[in-house]
Amino acid sequence: MRWLTLILGVAILAGVASVVIVLRDGTPRSGTVNAGLTSPATPPSARPSKSAFTDPCGTFDTVATTPYAVSGYWLIPTADPCTWRTQLEAIHRLGGDTVVRLGFGLSPRQVDDEGRVLEKIDDKDPQKDLKPDGRFEACQENGLTCVQAAEKDLKAANPGNRITWTYTYRTDEQYGPGIFRCPQMEHKIVVGDDVFYRLVAPDDGSDDPTCDFSSKSRGYHLILVSAGTQDSLSQLLDLGDRFGIKVFPALPLAPRDPTEPTRADPRHIGTLTTLTRRIVQDYGDRFQGRQSLGGVYQPFELQIRDWPDPSKVQTLQVYAEQHRIVEQELPGKPILVSPYIDSRRRLKYTSTPAQVARGFKALAETGVGIIAPQDGRGTGKVGLYWPNLKNEPVDDRLKPVVGESTYATAYYGSTRDYYRAMSQAREELSQEGVQVELWANVEAFEPSATDTCGRQGTRGRTDKGRLDTQVALAAPYVSKIISYMWSDFFTCGSPSLSEEIAADWNRPIAAEAQRVKRQIQDGLEVRGYHLGDAKVTLSWQGLDTPRVVDSATVGWHDPAQIPGLPAGAERIWIPVDWTTVPAGVWVRVDVTSPDGRRSAEPIYYHNSV
């Protein structure tokens with residue numbers, strides 16, 4: 001543990017050092033204003049002195065100094081509040097305004113003759129024997145296991161009552177009284193340092209509000225929740241309020257179909273919706289007015305595709321039922337879901353951009369408010385390339401996934417093709433009265449790496465250049481860019497990915513080029529990030545000498561936020577004599593900052609006029 005303490009200490013010192021730098025300069029670093037920053041929770045004029053922000057984890061730094069195009073990140077739950085604090089401070093410093101919290105799953109369990117909850121010895125081998133689950137062995141009431149105590153109380157109400165199924169749910173949160181519907185049968189159990197909640201509901205999924213346990217005998221489902229010693233969500237929301245960051249806690253993850261683990265098991269919909277209702281009711285009681293509660297996250301992952309009959313897709317059925325509960329109990333708070341795309345031609349059940357667009361519409365019908373598809377580059381399921389480069393060999397880092405191949409042979413389309421198709425589907429839904437936001441989830445890892453990151457198995461972090469490229473290909477079609485995930489892909493290595501970004505945060509990222517006439521002059525408009533005073537280089541096949549245009553001298557820069565695009569997106573315009581550009585060529589557009597840094601990825605404009 002000594003090395004963890006050392007790392008935390010270094011992180012805190014780094015945070016304090018950044019405060020000293022800002023105070024010494026008197027103003028934030030040049031370029032941070034009007035760049036899509038998240039405003040501090042407290043205006044500077046009303047902000048308390050620095051001493052008022054001191055806590056056991058160190059001194060807060062609420063100044064975003066290096067805002068990047070990615071503005072949201074996934075977080076792994078942690079028992080250490082100082083880790084939350086350090087992570088949110090670092091995320092805010094990069095301009096982040098959103099965090100999505102990974103969660104836990106509802107699990108149907110067997111119980112032995114002694115009333116002990118059992119678990120598999122080896123999850124990979126279901127044939128192996130079960131053993132008592134140590135996490136729930138501590139759950140005791142008056143000398144009985146929690147299962148035995150619940151059954152005793154149910155039979156005291158009516159001798160014919162019985163527990164037909166036992167479920168467990170693990171969390172690091174704590175709940176208020178809103179978690180209980182029937183306090184005479186449900187309660188909080190504290191055993192030493194262990195905290196549990198006992199929930200009981202009819203096994204027909206009705207979650208009967210009459211709480212009548214005595215008039216007739218019934219079967220009941222018992223849900224035992226192993227909770228945290230403190231409420232981690234309250235702590236996270238407090239930090240969100242401080243840093244101006246919105247938090248999306250995860251809904252309970254649905255049990256998986258034992259025969260097909262990629263699907264949710266619809267047999268447990270009733271119990272899943274009961275637990276979901278109780279939790280979001282409690283959120284509504286305690287957090288409805290909190291600005292930092294941005295919404296909730298649907299953690300069950302599915303592949304977005306063109307389903308022949310969406311009404312028969314098990315996972316979509318579970319989504320719809322669970323999302324209906326959220327709409328009832330947390331009105332106005334959107335549900336975020338992040339499906340994945342698979343574009344590989346050699347596999348079955350993969351999808352073209354048009355098929356994914358149809359799947360996007362079906363997914364929107366389940367009641368989600370935000371769809372943030374995974375861009376697929378980290379897993380190698382989708383490639384990053386432009387149409388004119390489709391016959392080029394794939395990136396070496398993709399070869400472990402698709403082999404020696406060209407992009408056209410390996411994939412049905414690039415990430416840009418898929419986000420464009422889903423953007424068109426979103427517009428069509430809007431015209432039909434269905435409102436849903438389209439975000440991009442850019443994966444901050446490689447499909448294989450020798451240097452792994454923390455708990456991430458065989459995957460390692462990517463580099464900023466590739467992340468810039470992911471941003472460039474997705475940005476024109478989405479309203480926000482988030483990334484999976486902060487811990488550990490942005491924090492491992494030396495320098496870490498987050499440190500790479502902080503050191504190179506204002507390198508230009510060009511995302512889109514359009515032919516635009518300003519007044520009477522024709523030219524090219526480039527959209528992207530950190531484009532002010534940039535030099536634009538135009539080249540195409542057959543041109544001997546690339547053309548370099550200084551936008552600061554002969555062009556135009558508009559730093560205003562572009563409606564519908566991610567925060568921080570801006571545009572520049574340069575004059576172009578299109579009569580000198582051959583028809584049908586792909587014009588390569590490179591953007592270079594005044595200090596000589598070129599964008600990691602060129603963009604291309606097809607001169608089809």
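- The side-chain contact (heavy atoms from CB on, under 4.5 Å) check on Ser351 picks up Gln303, Arg305, Gln355, Val356, with sequence neighbours excluded.
- In summary, Lys131 and Asp112 do not engage in a salt bridge, as defined by a charged side-chain N under 4.0 Å from a carboxylate O.
- Partners of Phe360 by ring-ring contact (aromatic ring centres under 6.0 Å, His included), not counting sequence neighbours: none found.
- Residues forming a ring-ring contact (aromatic ring centres under 6.0 Å, His included) with Tyr175 (at least two apart in sequence, or on another chain): Tyr197.
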Would you tabulate the side-chain donor-acceptor contacts of residues 198-206 under 3.5 Å, counting partners in other chains and residues two or more places apart, or write 'none'?
from: Arg198; atom 1: NE; to: Met185; atom 2: O; distance (Å): 3.1
from: Arg198; atom 1: NH1; to: Glu141; atom 2: OE2; distance (Å): 3.3
from: Arg198; atom 1: NH1; to: Asp153; atom 2: OD2; distance (Å): 3.2
from: Arg198; atom 1: NH2; to: Asp153; atom 2: OD2; distance (Å): 2.9
from: Arg198; atom 1: NH2; to: Met185; atom 2: O; distance (Å): 2.9
from: Asp203; atom 1: OD2; to: Thr164; atom 2: OG1; distance (Å): 3.0
from: Asp204; atom 1: OD1; to: Ser206; atom 2: N; distance (Å): 2.9
from: Asp204; atom 1: OD1; to: Ser206; atom 2: OG; distance (Å): 2.7
from: Asp204; atom 1: OD2; to: Arg218; atom 2: NH2; distance (Å): 3.4

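- For Glu437, there are no salt bridge (Lys or Arg N to Asp or Glu O under 4.0 Å) partners, not counting sequence neighbours.
- The pair Asp342-Lys381 fails the salt-bridge criterion, with no side-chain N (NZ, NE, NH1 or NH2) lying under 4.0 Å from an Asp/Glu carboxylate O.
- Applying the salt bridge (Lys or Arg N to Asp or Glu O under 4.0 Å) test to Arg277 and every residue at least two apart in sequence or in another chain returns Asp207.
- Annotation: Tyr73 is not in aromatic contact with Tyr484 [ring centroid separation under 6.0 Å not met].
- For Gln424, the side-chain contact (heavy atoms from CB on, under 4.5 Å) partners at least two apart in sequence or on another chain are Arg420.
- Contact check on Arg324 versus Glu321 returns a salt bridge, with a Lys/Arg side-chain nitrogen under 4.0 Å from an Asp/Glu carboxylate oxygen.
- In this structure, Tyr477 has no ring-ring contact (aromatic ring centres under 6.0 Å, His included) partners at least two apart in sequence or on a different chain.
- Residue pairs meeting the disulfide bond (SG atoms under 2.5 Å apart) criterion with at least one member in residues 196-283, sequence neighbours excluded: Cys182-Cys211.
- Under the side chain to side chain contact (heavy atoms under 4.5 Å, CB included) rule, Pro252 has a single partner from Leu272, Val280, Thr274, which is Leu272.
- Contacts classified as side-chain hydrogen bond (donor to acceptor under 3.5 Å, both in side chains) and involving residues 244-260 (residues at least two apart or in different chains) are given here: Asp257-Thr259, Asp257-Gln314, Glu260-Thr262.
- In this pair, His323 and Tyr319 present their aromatic rings tilted. The plane angle is within the 30 to 60° band.
- Counting only residues at least two apart or in different chains, ring-ring contact (aromatic ring centres under 6.0 Å, His included) contacts with residues 290-312 comprise Trp74-Tyr297.
- For Arg286 and Asp231, the salt-bridge test passes: some basic side-chain N is under 4.0 Å from an acidic carboxylate O.
- To the nearest 0.5 angstrom, His268 atom NE2 is 12.5 Å from Thr273 atom OG1.
- Among residue pairs with one or both ends in residues 162-172, those qualifying as salt bridge (charged side-chain N to carboxylate O under 4.0 Å, His left out) are Arg101-Asp172; sequence neighbours excluded.
- When all heavy atoms are compared, the tightest approach of Glu137 to Gln140 is O-NE2, 3.1 Å.
- To the nearest 0.5 Å, atom NZ of residue Lys361 and atom CG of residue Leu363 are 13.5 Å apart.
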